[in-house]
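Inspection log for the structure reproduced underneath, given as structure tokens.
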Amino acid sequence: MRNLTSIKRIVIKVGSSSLCNELGVIDKEKILHLVLQISKLLKRGYSVVLVSSGAIAAGMGALGLSKKPPTIPEKQALAAIGQGKLMQIYEDIFQLFNLKCAQVLLNHGDFDDRKRLMNLNHTMNALMNYGVIPIVNENDALAVDEIKVGDNDTLAALLVPVVEADLLVLISDIDGLYTANPHQNPDAQLLKYV
């Protein structure tokens with residue numbers, strides 16, 4: 001069993017499925033429960049970086065769409081519409097706990113360029129020194145499949161060394177790490193130990 005007493009900084013990634021209701025619309029109550037847990041961690045002295053999906057879902061909700069569109073430009077437009085709405089929800093709910101948050105949008109190139117990576121490190125540390133919770137997402141309005149970081153699980157993992165985190169928590173509708181995508185491959189096996 002891992003010794004958790006030395007943990008000071010945590011990266012928490014939350015997927016869209018954990019933020020949305022059964023219709024795929026952002027559920028403020030779910031975000032409230034998440035922020036409550038984060039506030040408890042902060043009161044115990046931990047620093048937290050939140051990696052949050054949900055911009056496209058928030059954009060869908062803003063436009064009253066019932067399903068995700070098929071094209072990349074449409075998804076990018078929804079992300080552009082939804083990112084601000086998602087951040088407003090986070091700001092409103094964090095404010096209930098007298099906490100502040102900040103939006104940090106990243107692209108793949110931010111991790112490939114040493115100068116940008118150092119700037120990211122300095123910005124994230126400054127935010128946390130101010131007591132502000134960084135909320136990170138990929139800049140989906142500009143990213144295309146060829147230049148995307150990948151999913152937010154990958155983005156969260158890439159952030160761990162940048163912010164010198166001691167723990168990465170992935171909140172998802174998946175039970176754990178599988179040998180393949182269990183939604184697409186019925187033979188996927190859950191890996192109980194890595």
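Side-chain atoms are counted along with the backbone in the values below, which use heavy atoms only and exclude waters and symmetry mates. Note that this is a predicted model, so its numbers are computed, not measured.
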Any chance CD of E74 has more than 12 other-residue heavy atoms, nucleotides or ligands included, within less than 6.0 Å? yes
A quick test of your reading: do over 12 heavy atoms of other residues, nucleotides or ligands sit less than 6.0 Å from NZ of K30? yes
Which heavy atom of [X] sits nearest a heavy atom of [Y], and at what distance?
X    : Y    : answer
M87  : A102 : CE-C, 3.9 Å
I56  : K75  : CG1-O, 3.7 Å
A55  : Q83  : CB-OE1, 3.1 Å
I171 : S18  : CG2-OG, 3.7 Å
M128 : V48  : SD-O, 4.4 Å
S6   : D166 : O-OD2, 4.1 Å

Determine whether [X] and [Y] make a side-chain contact, defined as any pair of heavy atoms from C-beta on separated by less than 4.5 Å.
X    : Y    : value
L167 : V11  : no
S52  : V14  : yes
V104 : I135 : no
N185 : Y178 : no

Test side chain to side chain donor-acceptor pair (under 3.5 Å) applied to N152 and S53, step by step: CA-CA 7 Å; N152 276 346; S53 300; 2.8 Å; yes
Apply side chain to side chain donor-acceptor pair (under 3.5 Å) to R9 and N125, showing your working. CA-CA 11 Å; R9 187 165 287 176; N125 282 318; 2.8 Å; yes
